[in-house]
Amino acid sequence: MVPYCLLHWKRCVLTSFNGRQRLGKRLFNSVKQGNEQVARSSKVQCSNALHHEKSYQADQGSLVLHGNWSKETRATVLQDMLVFNDFITESEEECIMGEIGPYLKRMRYEFDHWDDAIHGFRETERPQWNPENARVLDRVRRLAFPVGTAQLRHVHVLDLAGDGVIKPHVDSRRFCGSVIAGLSLLSDAVMRLVSCAEPERRLDALLGRRSLYVMRNSARYDYTHEILSASLSTFAERRVPRGRRVSVICRNEPTAADDDGDGPAPGGPAAS
Ligand code: OGA
Ligand code: MN
């Protein structure tokens, strides 16, 4: 039986995607690499990379901006899309896979209807982790979420097959708050953000194996995000070989202000 929370989650992704077919189709035809700008400015310190243990520095070398960015939009997106390379060690990765791998193995990859947001995936949600992995997830949560943020207890585990793809979508405001924090396991991948208002503006993020990304506020609401398919997987004009990738994603609770009923994104049609 599929647990309720899982269905709930899928709905979250799909509701926000279905209304954005137009965007999705256009973006899929768009692989032009215009006006490339590697984000080189000084490193961003995550504002919540607090007083705990070591302080983490986001790696702006993992981001490339394409298209015309104003000073403001550029500064904002670089505050709101952060990549931390080597956030976990090889043995932490192994330990997480040791806990979720056997469970995932029993599921089949789903290749759903072409209209759906994600193809070639299996997923689960996990409220409880073994102590070693729970410590790693605590590290993620402390870095990604402001103190006192109400977080979703279930951690979303998404296993994307080597030939799987996550198409452009915005996570539902109804089910998820302003911060999405994801660990990338087993493979490098490229995540693309495209402005809903000005689709020629986009940001590519190289999500290295064992990195953490934090996508928050404007990056989470004003841009679609996607994981490029193996055949389109390039970063700064270099190929990024992509195999099976498992992401482990923490999210926060939406607040009343977040839930706008999943109405239209700027420039996008209403969600169904
Ligand atoms: C999602 C999603 C990104 C990832 O599940 O909505 O966009 O890193 N996942 O797997
Ligand atoms: Mn998403």
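Scope of the values below: all heavy atoms of this structure, side chains included, with no hydrogens, waters or symmetry mates. Atoms within a ligand are numbered from 1 in the order they appear, just like the ligands themselves.
- Taking only non-hydrogen atoms, the option from I249, I227, D159 nearest to atom 9 (N) of ligand 1 is I249.
- Centred on the Mn ion (ligand 2), the angle running from H225 (NE2) to D171 (OD1) is recorded as 100°, rounding to 10°.
- For F121 and Y109, the distance between ring centers is not under 6.0 angstrom.
- When heavy-atom distances to ligand 1 are checked against a 4.0 Å cut-off, I180 has no atom that comes that close, whether in backbone or side chain.
- Remark: R209 pairs with E93, L186, D188 by the side chain to side chain contact (heavy atoms under 4.5 Å, CB included) rule, at least two apart or across chains.
- Ligand-side atoms of ligand 1 in range of R245: 4 (C), 8 (O), 10 (O), range being under 4.0 angstrom from any heavy atom.
- Within ligand 1, the atoms closer than 4.0 Å to a non-hydrogen atom of I166 are 3 (C), 9 (N), 10 (O), numbered from 1 in the order shown.
- Under a 4.0 Å criterion applied to the non-hydrogen atoms of S247, ligand 1 contributes the atoms 4 (C), 8 (O), 10 (O).
- Those atoms of ligand 1 that come under 4.0 Å of a heavy atom in D171, given as number and element, are 6 (O).
- Each of the atoms 5 (O) of ligand 1 lies under 4.0 Å from some heavy atom of H156.
- No side-chain donor-acceptor contact under 3.5 Å links E132 to the backbone of C95.
- Annotation for ligand 1: atoms under 4.0 Å from non-hydrogen atoms of Y213 are 3 (C), 4 (C), 8 (O).
- Atom numbering of ligand 1 starts at 1 in the shown order; those under 4.0 Å from a heavy atom of L158 are 5 (O), 9 (N), 10 (O).
- With a 6.0 Å cutoff to the six-membered ring centre and a 45° limit on the axis angle, R201 counts as a cation-pi contact of W69.
- Remark: side-chain polar atoms of R220 are paired, donor with acceptor, to backbone N or O of D171 under 3.5 angstrom.
- Ligand 1 has H169 within reach: a non-hydrogen atom of the residue lies less than 4.0 Å from it.
- Note: E123 CD to E110 CD = 7.0 Å, rounded to the nearest 0.5 Å.
- At a 4.0 Å heavy-atom cut-off, ligand 1 does not touch E123 at all.
- Note that R139 lies in the cation-pi zone of F87, set by a 6.0 Å cut-off to the ring centre and a 45° limit from the axis.
- The CG atom of L82 sits 12.0 Å away from the OG atom of S211 when rounded to the nearest 0.5 Å.
- Judged purely by atom type and a 3.5 angstrom limit, H169 uses its side chain to pair as donor or acceptor with the backbone of K167.
- Close approach to R251 involves these atoms of ligand 1, each under 4.0 Å from a residue heavy atom: 1 (C), 5 (O), 6 (O).
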